[in-house]
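Take a look at the structure set out below.
Worth knowing before you read on, the calculation uses all heavy atoms, side chains too, and leaves out hydrogens, waters and symmetry mates.
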Amino acid sequence: MTAQRRLEQTAPWTEITTTDADWDTADPALLTAMYGQLLLIRAFEEYVLELAGAGLVHGPAHSSIGQEGGAVGSVLPLTSQDTVNGSHRGHHQFLAKTLGHLEPKGIDPRAEVSADVRTLLLRTLAEICGLDRGFSHGRGGSMHLRWAEAGAIGTNAIVGGGVPVAAGSAWAHRQAGTDAVAVTYFGDGAVNIGSTLETFNLAAAWRLPLCFFVENNRYAVSTSVEEATGEPRLSARGPGFGIPSWKVDGMDPLAVRLTMRAALDHMRAGLGPTLIEADVYRYFHQNGAFPGSAFGYRSKEEERGWRERDPITRVAGHLERRGLFGGEELKECGARAAALMAELGDTLLEPVPGGRAGKRRIRPAEWPAASFADVGVRGDLSEFEGARYAEAGTFTGALAETRFVDAVATVMARRMRDDASVVVLGEDVHRLKGGTNGATRGLKEAFPDRVLGTPICENAFSGAAGGIALDGRFKPVVEFMYADFMWVAADQLFNQIGKVRHMFGGTAAVPLVLRSKVATGTGYGSQHSMDPAGILATAPGWRVAAPSTPFDYVGMMNSALRCQDPVVVLEHVDLYGARGPAPVDDWDYCVPVGRAAVRRVGAQVTVLSYLAMTGCVLRAVDSLAGAVDAEVVDLRWLDRASLDWDTVGESVRKTGTVLIAEQGAAGTSYGGWLADEIQRRFFDWLDHPVQRLTGGEASPSISAALERAALAGEPEVAAKLTEMAGY
């Protein structure tokens with residue numbers, strides 16, 4: 001007979017509720033502070049909806065009215081050193097965290113608020129309205145609120161997008177030797193998102209001090225939680241990953257606070273992550289001032305039932321029952337908070353000139369200048385002041401023939417030795433004698449706590465690296481085993497890391513390096529062989545380095561690690577075993593960001609290339625035995641901001657003819673945008689349209705014959721140059 005044994009999860013799963021006894025023993029100062037925060041946040045949100053209704057909020061106004069109890073109850077036990085992030089519906093969390101930072105002893109709703117609190121509310125309101133005095137100068141709006149000094153590290157418009165970032169913040173807290181924790185807020189929609197589930201696993205595996213706080217408001221826009229999942233008790237997810245989990249009534253701020261205290265005890269003791277599910281309710285639709293019943297996906301009876309459990313009403317009732325506040329006093333507190341918001345609004349608004357009575361507009365002086373639109377997409381490279389630059393042709397130190405991949409490992413070891421903030425993470429980087437290609441050889445042995453082998457979870461570990469970079473105490477170097485895997489983590493790389501500096505006003509440095517290899521020609525097929533340069537060039541925020549020699553790799557990696565922008569360093573498998581001059585003992589120079597290299601001087605045609613294709617071009621030119629006098633320019637830095645237009649322009653003016661040579665597929669070609677830009681910048685010096693050489697339309701296949709047919713190489717370059725010589 002088959003034996004069966006019921007299995008139980010090892011992580012506890014608990015529900016916490018309060019009784020009147022809990023409320024009776026709660027410190028009066030705590031209840032007063034709780035009420036003060038709840039009132040301010042509610043008044044703020046009601047005023048935002050008023051402005052949105054008047055057309056004064058450009059974009060969404062995702063109200064958190066009804067959900068304040070979860071935010072206030074969970075944030076009150078935190079310190080300024082603890083960090084939080086959240087989703088698009090995050091006004092209440094942002095305000096709870098920043099109010100707690102400014103007034104750690106609490107806010108008494110009977111007293112006038114401090115000047116600092118007034119400034120906080122005004123700046124937050126201005127940000128939601130898209131105005132210059134906002135925290136991000138109006139770029140973030142309702143969905144992107146950040147004040148890093150207060151521990152509010154950013155709300156996020158991508159569902160689940162901020163969860164991996166919080167894991168990076170939690171790792172940085174622990175690595176820095178503190179007992180601070182991170183709390184990431186998300187909803188019933190995000191709990192089923194891949195990046196969230198990946199981060200559950202990563203946080204549990206690494207025992208990170210990270211609290212996953214699920215605001216279960218029952219609806220992802222209009223889809224109910226029962227429709228979206230077979231287990232609507234969302235805290236059930238935690239024990240499956242080994243994470244202790246709690247379920248609590250989010251309309252009861254005191255119960256939430258008690259739950260968070262239990263979670264904090266667990267995390268501050270170094271025992272790993274926690275998960276809290278708070279049952280809350282948004283009184284209004286996804287966006288704006290209409291209830292969900294107006295759109296037909298929930299009933300008025302349901303909404304009325306939840307409103308009867310309002311967190312402000314609950315706290316006020318206990319304050320009055322215990323004789324701490326009188327009934328009229330409670331009303332006066334609410335009126336005072338509403339009057340404060342109206343007063344702050346008057347700072348931003350004015351009557352419409354010549355308009356009807358009561359019609360108002362944003363004061364023109366409050367808008368950011370149009371010239372600010374592109375400022376802060378990336379930094380100004382001022383961090384390179386004092387850097388020592390070198391080029392192979394003028395290098396005065398000793399050089400020796402070195403394998404490319406050995407230069408990769410050696411320069412990283414040098415930087416990790418000299419800079420304790422550098423941390424390496426990725427799949428198998430700690431095994432196999434340096435990962436799958438030996439690029440991290442010896443690093444785990446030398447720096448065991450700074451070389452982190454990750455699970456297979458590109459979204460989670462790349463997002464965590466983004467969080468580490470934004471924290472500012474560490475410099476993450478992420479290895480993606482193949483460049484194609486960038487698209488597994490596209491949200492984190494492009495929506496998060498690439499945009500975050502600009503989105504939050506241009507001041508949030510993102511010192512992150514992403515290493516990845518182009519494996520074209522290795523027989524690994526369509527999903528392991530792409531050259532990502534063409535798509536990366538369209539993604540704002542990233543700098544893209546493409547070194548083709550060991551010497552350049554050393555200097556460009558040093559520059560990448562010095563840079564305060566995120567940098568992708570592309571490596572080509574064909575180059576790993578190639579040899580070339582590299583330093584013997586001087587591993588500290590930089591190759592300037594934005595400097596190309598002329599590999600061959602010529603007068604007839606300019607050939608622009610990068611990575612392994614540069615060598616193919618040089619060999620093809622040599623094979624023509626002087627029939628074509630080509631100038632070969634190795635671009636090295638490929639992003640729009642870093643491309644060396646001076647060197648390209650000088651060559652174009654000399655030759656009048658341009659060929660852009662790439663190895664990979666035509667559809668993702670880097671040369672498309674480059675040809676367009678060259679023809680616009682240098683049209684008067686061109687004798688012919690810019691020519692392009694790429695592989696075919698298809699991605700490389702497993703078959704050696706089909707793979708070769710899909711790629712461009714030396715014969716194709718030689719044929720194209722011969723054709724162009726006849727123009």
Side-chain angles (χ1 to χ4, degrees), residues 26-48 50-51 64-65 68-69 71-84 86 90-129 131-138 140 145-155 253 257 311-312 315-316 319 324-326 328-349 363 366 505 507:
D27 186 342
L30 168 66
L31 298 185
T32 300
M34 190 178 288
Y35 191 60
Q37 276 211 12
L38 287 168
L39 281 181
L40 273 182
I41 295 170
R42 176 68 60 85
F44 181 93
E45 290 287 68
E46 289 175 340
Y47 192 72
V48 167
E50 180 183 328
L51 294 183
S64 65
I65 294 175
E68 304 94 339
V72 171
S74 61
V75 169
L76 278 173
L78 302 181
T79 71
S80 291
Q81 286 66 49
D82 299 319
T83 48
V84 306
H91 304 169
H92 54 324
Q93 299 142 8
F94 176 81
L95 287 173
K97 186 66 170 74
T98 53
L99 287 168
H101 169 70
L102 292 176
E103 301 288 351
K105 294 182 179 179
I107 294 173
D108 188 330
R110 295 165 293 196
E112 294 296 322
V113 300
S114 67
D116 286 342
V117 168
R118 292 174 67 92
T119 299
L120 164 65
L121 296 171
L122 182 59
R123 291 189 70 190
T124 308
L125 187 64
E127 185 59 45
I128 291 169
C129 291
L131 308 181
D132 187 57
R133 76 165 76 209
F135 283 96
S136 299
H137 301 284
L145 295 169
R146 184 175 193 266
W147 185 19
E149 293 80 0
I153 60 175
T155 56
R257 180 182 181 275
I312 294 179
V315 176
L319 287 170
L324 301 174
F325 280 68
E328 287 301 314
E329 197 174 25
L330 291 168
K331 291 179 183 178
E332 290 171 3
C333 290
R336 180 179 290 108
L340 170 63
M341 290 310 308
E343 181 186 342
L344 294 174
D346 289 342
T347 304
L348 306 177
L349 305 175
R363 295 181 187 274
E366 294 291 336
T507 59

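In this structure, Leu76 CG and Gln37 CD are separated by 5.0 Å, a value rounded to the nearest 0.5 Å. Going from atom NE2 of His91 over to atom CD of Glu68 covers 12.0 Å, rounded to the nearest 0.5 Å. How far NZ of Lys105 is from OG1 of Thr32: 15.0 Å, rounded to the nearest 0.5 Å. Distance CG/Leu102 to CD/Glu149: 11.0 Å, rounded to 0.5 Å. Rounding to the nearest 0.5 Å places NE2 of His101 at 8.5 Å from CG of Asp116. In this structure, CE in Met341 is found 10.0 Å from CZ in Arg118, a value given to the nearest 0.5 Å.
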*Evaluation steps, side-chain contact (heavy atoms from CB on, under 4.5 Å), between Arg110 and Glu332*: CA-CA 8 Å; Arg110 295 165 293 196; Glu332 290 171 3; over 6 Å; no
*Before giving the answer on side-chain contact (heavy atoms from CB on, under 4.5 Å), spell out for Leu51 and Leu349 the whole-Å C-alpha distance, their side-chain angles and the decisive distance to 0.1 Å.*
CA-CA 10 Å; Leu51 294 183; Leu349 305 175; 3.7 Å; yes
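The closest donor-acceptor contact from the side chain of Lys97 to the backbone of Thr79 lies under 3.5 Å. When atom types are taken as modelled, the side chain of Arg363 and the backbone of Asp346 share a donor-acceptor pair closer than 3.5 angstrom. Between the Arg257 side chain and the Ser74 main chain, no donor and acceptor come within less than 3.5 Å of each other. Of the possible polar contacts, one joining the Glu45 side chain to the Ser64 backbone as a donor-acceptor pair under 3.5 Å is found.
Val75 places none of its side-chain heavy atoms less than 4.5 Å from the side chain of Asp82. Proximity of Leu38 to Pro253: side-chain heavy atoms (C-beta onward) are separated by under 4.5 Å at one or more points. Side-chain contact between Leu40 and Leu340 is present, with heavy atoms from C-beta onward closer than 4.5 Å. No side-chain heavy atom of Leu145 sits under 4.5 Å from any side-chain heavy atom of Gln93. The closest side-chain heavy-atom distance from Glu46 to Arg42 is below 4.5 Å. For the pair Tyr47 and Leu344, the minimum side-chain heavy-atom distance is 4.5 Å or more. Inter-residue side-chain proximity for Leu125 and Thr347 is flagged as unmet; no heavy-atom pair is nearer than 4.5 Å.
Nearest approach of His92 to Ala71, heavy atoms of both residues: CD2-CB, 3.5 Å. The two atoms that bring Gly106 and Ala33 nearest to each other are CA-CB, 3.6 Å, heavy atoms only. The shortest non-hydrogen separation linking Leu39 to Gly334 is CD1-N, 3.9 Å. The heavy-atom pair separating Ile41 from Ala96 by the smallest distance is CD1-N, 4.0 Å. Here the closest heavy-atom approach between residue Ala338 and residue Ala43 is recorded as N-CB, 3.9 Å. In plain terms, the two heavy atoms of Ala126 and Arg133 that are nearest each other are CB-CG, 3.3 Å.
The aromatic ring centroids of Phe44 and Phe94 lie 6.0 Å or more from each other.
Under the 30°/60° scheme for interplanar angles, the aromatic rings of Tyr35 and Phe325 are found to stand perpendicular.
In summary, of the residues considered (Leu78, Thr98, Thr155, Ile153), a side-chain contact (heavy atoms from CB on, under 4.5 Å) with Val84 occurs for Leu78 alone.
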